[in-house]
Amino acid sequence: MRPPEGSDYSCRSSIPRSERPPRMRGQMAGVDLDVLRHSAAHLMAAAVCELFPGAEYAIGPAIEEGFYYDFLLPEGARISDSDLPNIEQRMREIQGRDPAYERLEVDRDAALLEFNRRSQRFKVELIERIPEGELITCYRTGDFFDLCRGPHVGRASQIPAFRLLHTAGAYWHGDESQPMLQRVYGTAFPSASELEEYLQRVEMARQRDHRRLGRELDLFSLPEELGGGLVLWHPRGAVVRTVMEDYWRREHQRAGYQLVYTPHLARERLWEVSGHLGFFADEMYGPIAVEGDRYRVKPMSCPFHILIYRSRPRSYRELPLRLAEIASVYRFQRSGTLHGLLRVRGITQDDAHIFCTEEQAEEEIVGVLELASEMLSRFGFKELEVDLSTKPAKAAGEDRMWELAEAALDRALRRRGMEFKVNPGEGAFYGPKVDIHIRDAMGRRWQCSTVQFDFNEPERFDLEYIGPDGAAHRPIMVHRALLGSLERFFGVLLEHYGGALPFWLSPEQVRLVTVSDDQLPYALEVVAALEARGIRASRPRPGETMPAQIRDGEMAKVPYLAVVGRREVEAGQVNLRDTRGGSKTLVGVDELAARLAEETEQA
RNA sequence: GCCGACGUAGCUCAGUGGUAGAGCAGCGGUUUCGUAAACCGCUGGCCGGGAGUUCGAAUCUCCCCGUCGGCUCCA
């Protein structure tokens, strides 16, 4: 029932950057960064309390890239980004007074009394949640007094470099029924130069934001007239997508999958039978009236593939049956969670369902893992991280099936030599699963592939096959997606490569550049020769100076610029500028075509 | 959905109550050039939408729409 795709349900927070690299954490130049940042959070809270008397402070931990602190401000007050410089200024003033971070062990009653006296309801609540008998510690920094486990730096002056970054709303305990607090994010480093470096890194990440690249490289758009979370693939983006899909289909056919097509709508009754209306209704769009009947837009493909399976009696001889489809599905996502291509409502899922016998399950999983590794590696993701999630407390299906499926996943992973982490109880209610994550060039972690057993739907649709014994048996069903969603995978690819896609995926692989318009006819011949070899080559723009053409080509991130002037025309060559490697080589046209065709092959 | 910020030309942005601006892109012309921007000119705006305040609103107020940053990484 749960979607076999990695695009959406895997991430708790709106932006999959919850899965961040560990590299900024821990020790740095002999200073514990977490301690430094946690101390900076206290310093900030002290400043906020001075500037906004009556502010209540909630929690203020060190996080991956800095720290935050949550506040409930007095009625009518608010902190906006424009207040950040003032708060920073006040933090520096406090540093000038250089208070110590003074650790106090207090007993529960004294702590409660103190925080009640200070009207700090969140701290009171936190104390009440501390188990009886556990040591309670507080820290005093000048006038600021906080419940805190520590440790901290000795004095406020020992925080050499900090910067407040932005504000946000955050629910107390992340719970929508709780009050909305104001969160202030900041970061701190042992030196000004490290802070500067960090800020530059953030700026670099901004530069390679896929939404920006999508516009600059004319790949896709998400116009607001169209509606939130819906993507228009422009011609250049569509070229990339076509290359991805062609590759995907070829690999799947080679791996024994059969391709199918299914519609975008189905009668509501089908979604009742499948259980989606019970478990997934919140993410489905409302009914569409059709001749007195109700239809729903599909959020997943599984019921369709099941109907194909069920279209006639099945024999054990035709198992495993692997049905694959690059399918458009639509899921409602709250507007606040939409994010470029990374979280959309119109999703293209690279979906497949495997129907097999119990004995075949392990072999099938091995096959899926192999295909996933191969495809992800072809796209440039060699480092994979794998999670195996097992039976949760509430689960459908017999224990015997769970044991069988978990064992199949475990053995398949071992056979493939893949290291993995077990997440006990994290499986879907309908079956255990394996998720594969990739790391991009900036160290961020993304979920892509997912392989999920499903004991629920075969039951609901009463699937069977006739075994060698002549009796009916229930097949095993496995959902799996390898790229997750094409939208999201494309977004990740773009950011991973900073827009400079590998040659085989490049929307435009070679662009001809002329020294003057005199070489136009020759340039067109070269384009034709390259196109004849299946290379995506494009003609020069007449009337442009050569430096302008070079610059345009560089900015469009075309892998190769083939410059032709009088000398090249005479020699039947091009002067090939490699925009990635920076080299320039003279090469004959035939050789160029052969070389580029080969480069597509190996990738 | 909720909190906050933002919304001015295709893009990046300036303009804080008094005639809507710049650069790039686009279009037209001139130039025909050897590895990241030739030169000149022109077009282009319901200042996100609606209501209000005002003699006068891109600018102030309210509502709506959209986008962006976030919404436990637990003292």
Side-chain angles (χ1 to χ4, degrees), chain A residues 12-15 17-20 22 25 34 37-38 41-42 57-70 72-73 78-83 111 115 120 122-127 129-130 134 136-139 146-150 165-185 206 209 211-212 215-216 218 221-228 333-340 513-520 542-556 561-568 575-579 582 584:
Chain A
R12 269 174 320 194
S13 78
S14 60
I15 304 185
R17 85 191 235 226
S18 55
E19 305 183 282
R20 286 248 192 77
R25 227 188 168 95
D34 283 352
R37 290 167 171 177
H38 189 189
H42 276 230
Y57 37 101
I59 59 169
I63 55 174
E64 202 77 63
E65 303 207 328
F67 60 85
Y68 67 80
Y69 217 118
D70 287 344
L72 185 65
L73 299 179
R78 66 171 53 143
I79 299 177
S80 69
D81 289 357
S82 57
D83 295 313
F115 284 108
Q120 293 297 335
F122 301 112
K123 297 298 170 182
V124 170
E125 192 188 315
L126 290 169
I127 293 168
R129 283 157 40 123
I130 296 175
E134 198 171 299
I136 295 178
T137 58
C138 290
Y139 275 80
D146 199 0
L147 173 71
C148 180
R149 191 183 281 145
L165 300 171
H166 51 267
T167 58
Y171 296 103
W172 175 231
H173 293 312
D175 177 346
E176 296 184 17
S177 67
Q178 297 278 347
M180 172 68 71
L181 309 175
Q182 290 218 272
R183 175 169 296 180
V184 180
Y185 283 94
R206 207 176 68 83
D209 186 309
R211 292 165 297 188
R212 182 194 183 93
R215 187 178 55 237
E216 287 174 354
D218 196 14
S221 59
L222 299 109
E224 68 175 76
E225 303 94 303
L226 185 60
Q333 321 262 4
R334 293 186 301 175
S335 58
T337 65
L338 300 176
H339 183 85
V513 169
T514 47
V515 172
S516 81
D517 285 354
D518 294 343
Q519 292 88 40
L520 271 173
E544 290 286 347
T545 61
M546 188 196 64
Q549 293 178 60
I550 299 269
R551 183 167 190 273
D552 287 350
E554 288 279 351
M555 296 216 305
L561 300 178
V563 180
V564 294
R566 199 160 38 82
R567 297 196 292 270
E568 286 76 16
N575 195 327
L576 193 68
R577 179 188 169 106
D578 177 344
T579 65
K584 284 174 228 130

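Every chain is numbered from 1 and lettered A, B, ... according to where its sequence line falls, protein lines coming before strand lines. Quick caveat: nothing in here was measured; it's all calculated off a predicted structure.
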Touch class at under 4.0 angstrom, heavy-atom based, for Glu134(A) against every strand present: base
Residue matched to G18(B) through Watson-Crick or wobble contacts both under 3.5 angstrom: C55(B)
For C42(B), the Watson-Crick or wobble counterpart (both distances under 3.5 Å): G26(B)
Any-strand Watson-Crick or G-U partner of C2(B), both distances under 3.5 Å: G70(B)
Minimum-distance nucleotide (side-chain atoms of Glu568(A) versus A75(B), A38(B), G34(B)): G34(B)
Sugar-phosphate, base or nothing in reach of Arg183(A), heavy atoms under 4.0 Å: sugar-phosphate
From Val563(A), Asn575(A), Thr514(A), residue fulfilling side-chain contact (heavy atoms from CB on, under 4.5 Å) relative to Glu568(A): Asn575(A)
Nucleotide nearest Thr337(A) (side chain, heavy atoms from C-beta), chosen from G34(B), G1(B), A38(B): G1(B)
Letter per nucleotide, 5' to 3', of nucleotides 2-13 of chain B [B base touched, S only sugar-phosphate touched, - untouched; heavy atoms, 4.0 Å]: BBSS-----SS-
Among U32(B), U35(B), A36(B), the nucleotide that comes nearest once only the side chain of Asp517(A) is considered: U32(B)
Side-chain N or O of His339(A) closer than 4.0 Å to phosphate OP1/OP2 of U67(B): no
Watson-Crick or G-U counterpart of G7(B), or none if no pair lies under 3.5 Å: C65(B)
Touch class at under 4.0 angstrom, heavy-atom based, for Asn575(A) against every strand present: base
